Amino acid sequence: MPRGVMPILQALCLSARALIMCKMVRNKAFPFTSIASIRALPPTAPLKSGLQNTNLEDAHEAFDRVPTPGDVFSWNKLLRDYVRNRPLHQARGLFDEMPLKDVVSWNTMLSGYYRAKRPEDVYGCLGELGRCGVLPNAYTISMAISSFLDTRFKILVPQIHGRIVCLGMVSDVIVGSALMKGYANVGNPLALERVFDDLSVKPASSWNALVSGYMEMGHVEKAERIFHLMPESQKDVVSWTCLLCGYVRNKRIDEARSVFDRMSVRDVFSWTAMMNGYVRNEKHEDALKLFVLMIKSGSRPNVFHYSCVLSACAGASSLVVGQQVHSSIIKCGIPESDDVVVMTSLVDMYANCGEIDAAFCIFANIQNKNIASWNAVMGGYAWHGPGEKAIEIFESMVENGTKPDPITFINLLSACVHGGLVEEGAKFFDCMKTKYGIQPEVEHYACMVDLYGKAGQLEKAKKLIEEMPMEPDVVVWGAFIGDCTMHSNLEFGEFAEKGIRRLKEHHPASYTMLLKIHGENGSWGRVLNLKRLMRKWHVRKQIAASWLDTS
DNA sequence: TTAGGGTTAG
C-alpha cells in the first residue's frame with residue numbers, strides 16, 4: 001500500500017458507527033446469513049407476464065386527471081411516468097391502449113426498451129412504427145442506433161443511414177452523433193468521417209463523437225489530430241474527458257494521466273474516468289492515490305468513485321483499505337443500500353480479499369439484486385469454496401427469477417474446477433446451451449478443459465480442445481499444459497506444446513510448464529530447444545511472488 | 001412530453 005494512503009483514509013473514514021458496521025458485517029450480524037434466508041425473499045423482479053395489472057382504469061387511478069382522448073401531450077406524459085416507474089409490460093399495456101399516439105409516444109416506448117437493454121423490442125417497435133405510417137424523428141433514430149450498439153443489430157447501422165438520407169436528416173446533430181457512434185461500433189472510419197462532414201453545424205458534441213469514435217476503433221493518432229483540429233473555443237471538460245477515456249480504452253494510461261494533469265477544469269466524470277483507467281490497467285495503488293488526491297482537492301466522492309475505488313481494493317486484495325472505504329461510505333451517508341453497483345462492488349471487494357462470509361452478508365442485504373450481484377457472490381464461492389455453495393447460490397438465483405448470463409457460467413464452471421465437481425460441471429456446460437440458450441465462449445471451454453484435466457481425464461480435455469468452434473487461446477492451452485504437468489503426462493504435453501507454439505501470445509507460464517514437463521521426463525534436448533525459443537521470443541520466466549509477509 | 005458529448009459493479 002502506498003505511503004500516505006492509509007493515514008488519510010483513516011482520518012477521513014473512521015467513526016465509531018462505521019467501525020461497528022464493519023464488524024457487524026465481518027461477524028455476520030446482518031439479518032440474512034444463509035442461503036435459506038435468501039430463498040425466503042420475494043423475487044427481486046416481478047415475474048408477472050401479460051397485462052393483468054395494466055389497463056386504463058389502473059392508469060387513471062394513479063393520476064389526478066384523466067387525459068381526454070385527443071390530448072396526446074398528456075397521454076405521453078402518463079406513458080413517460082409508466083416507462084420510468086413501472087414494469088415495462090405495464091407501460092406497453094398503456095401504450096397499446098392509448099387512444100392517440102404520435103412520434104413522441106413511440107419514442108417514449110422506445111426509450112423504455114432502450115433503458116431496459118432490449119434491442120429486439122426496439123427493433124420490433126421500429127417495424128410497428130413504420131407500418132403505422134409514423135415518420136421517425138431525430139430522437140427515434142438516436143435511440144434505435146444507441147440500442148443496437150454492441151449487439152447483433154449493429155449490422156443495421158448502414159441501413160439506418162440510408163433511411164436518414166431519404167428522410168433528409170443527414171445534417172441533424174443528434175442523428176449525426178448517434179450515427180458516428182454506430183459506425184465506430186461497426187469499425188467503419190470512412191463512414192464515420194463522412195457523417196461528420198455532412199453535418200451543417202459542428203458543435204463540440206459532434207467533435208467529441210468523432211474523437212471518441214476514432215479512439216474506439218483504436219486509431220489513437222488520428223483521434224489526437226482531430227482533437228487538435230477542434231476549435232479551442234469549443235473544447236470543454238467533456239472534450240478533454242473524451243480524449244482521456246480514449247487513451248484509457250487503448251491502454252495508454254500515462255497519456256491519459258498527462259491529459260488529466262493538463263485539464264484546467266475537472267469534474268466528477270474526469271476524476272472517475274482517470275480512476276477507472278488505473279483500475280482497468282491494474283494500477284490499483286495509483287487509483288487509490290488518486291482517490292485520496294480527489295478528496296484532498298475538496299471533491300466529495302459519489303457512488304461512481306466508491307465503486308471504482310472498491311474495485312482497486314479488490315484488485316490489490318487490500319482488505320484493510322477496503323474496510324476503510326466501506327466505513328467511509330457508511331460515514332458519508334451514501335445511500336449504499338439503494339445503490340446496487342456500490343453494494344456489488346463491496347461484495348466483490350470482500351470476496352476478492354478472502355472475506356467470503358462478509359461478502360455474503362453484504363450480498364444478502366442488497367434489496368435490488370441484479371445478475372452482477374449474484375455473479376459477484378457466486379464468483380467468491382467459486383474461488384474460495386466450497387464449490388457446492390456456488391451451485392446453491394445459482395439455484396437460488398434461478399428460483400428468484402434472475403436469468404443467468406455467460407459470466408454466471410464462468411463462475412459456476414470455475415467452482416466445479418476448484419471443487420473437483422466433474423459431473424456437475426459437464427451438466428452445467430450442457431445446460432447453458434440447451435436450457436439457457438447461451439453459446440459457450442472460449443472462457444467456458446477453458447474451464448471445461450481445466451475441469452477434465454485436473455481430474456486426470458486428459459483424453460476428454462484434448463477431445464474438447466479439438467472440437468472447439470473457435471481457436472483455443474493462451475488460457476485454454478495454459479490450463480491444459482498445467483494439467484499435463486500436474487499428471488506428468490508427456491504424450492498430452494506434446495499435443496499442448498504444438499498448440500502453444502502456434503499462439504501469437506507467448507505467455508511465460510506456458511513455457512515454464514513445458515520446461516517442467518520435459519525436464520521431469522529427462523528430455524533435455526527439448527528443454528534446451530525451448531529455452532532457445534524463449535530467448536528468441538523474449539519470454540522470461542516470471543519472478544515468483546507471495547502475499548505472505550515473511551519479514 | 002421523447003434523448004442528450006464524457007464516469008461505476010460481476
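Letters A, B, ... mirror the listed sequences (proteins, then strands); counts begin at 1. Nothing here was measured: the structure is a model prediction, and the numbers come from that model.
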Ion pair check, A:Glu128 and A:Arg92, cut-off under 4.0 Å =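 Salt bridge present between A:Glu128 and A:Arg92.
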
key: A:Glu282, CD: over 12 other non-hydrogen atoms inside 6.0 angstrom   =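 Incorrect, the count does not exceed 12.
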
ask   = Around A:Lys283, counting heavy atoms of other residues, nucleotides and ligands shown, do more than 12 lie under 6.0 Å from its NZ?
value = no

key: Strand contacts (DNA chain B) in residues 243-258 of chain A, 4.0 angstrom heavy-atom criterion   = A:Cys245

task = Could you identify which residues of residues 202-211 of chain A place a heavy atom less than 4.0 Å from some atom of DNA chain B, listed by residue number, or say none?
result = A:Ala204, A:Ser205, A:Asn208

Just checking [X]: base, sugar-phosphate only, or nothing, at a heavy-atom cut-off of under 4.0 Å?
| X | result |
| --- | --- |
| A:Lys101 | nothing |
| A:Ser345 | sugar-phosphate |
| A:Leu79 | nothing |
| A:Val103 | nothing |
| A:Asp267 | base |
| A:Asp405 | base |
| A:Tyr306 | nothing |
| A:Arg266 | nothing |

ask   = What is the minimum heavy-atom distance between A:Lys202 and A:Gln234, and which atoms define it?
value = O-OE1, 3.2 Å

By salt bridge (charged side-chain N to carboxylate O under 4.0 Å, His left out) - contacts of A:Arg257 (at least two apart) =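 Only A:Asp261 meet the salt bridge (charged side-chain N to carboxylate O under 4.0 Å, His left out) criterion with A:Arg257.
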
inquiry  = I'd like to check the salt bridge (charged side-chain N to carboxylate O under 4.0 Å, His left out) partners of A:Arg163; sequence neighbours left out, ordered by chain and number.
reply    = none

task = Measure the shortest side-chain to side-chain distance between A:Leu243 and A:Met215 over non-hydrogen atoms and say whether it is less than 4.5 angstrom.
result =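 SC-SC contact between A:Leu243 and A:Met215 confirmed.
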
key: Selection residues 234-246 of chain A - residue pairs positive for salt bridge (charged side-chain N to carboxylate O under 4.0 Å, His left out), sequence neighbours left out   = A:Glu232-A:Lys235

request  = To the nearest 0.5 angstrom, please state how far the CE atom of A:Met98 sits from the CG atom of A:Leu78.
outcome  =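 That separation rounds to 8.0 Å.
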
message = Distance check, rounded to the nearest 0.5 Å: A:Leu135 atom CG versus A:Asp102 atom CG?
response =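 CG of A:Asp102 is found 12.5 Å from CG of A:Leu135.
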
request  = Give a yes/no verdict on a cation-pi contact between A:Lys433 and A:Phe429, requiring under 6.0 Å between NZ or CZ and the six-membered ring centre and an angle within 45° of the axis.
outcome  = yes

query = Going 5' to 3' on DNA chain B, which nucleotide is the first and which the last to come under 4.0 Å of a heavy atom in chain A?
reply =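 That gives a stretch of B:dT1 to B:dG10.
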
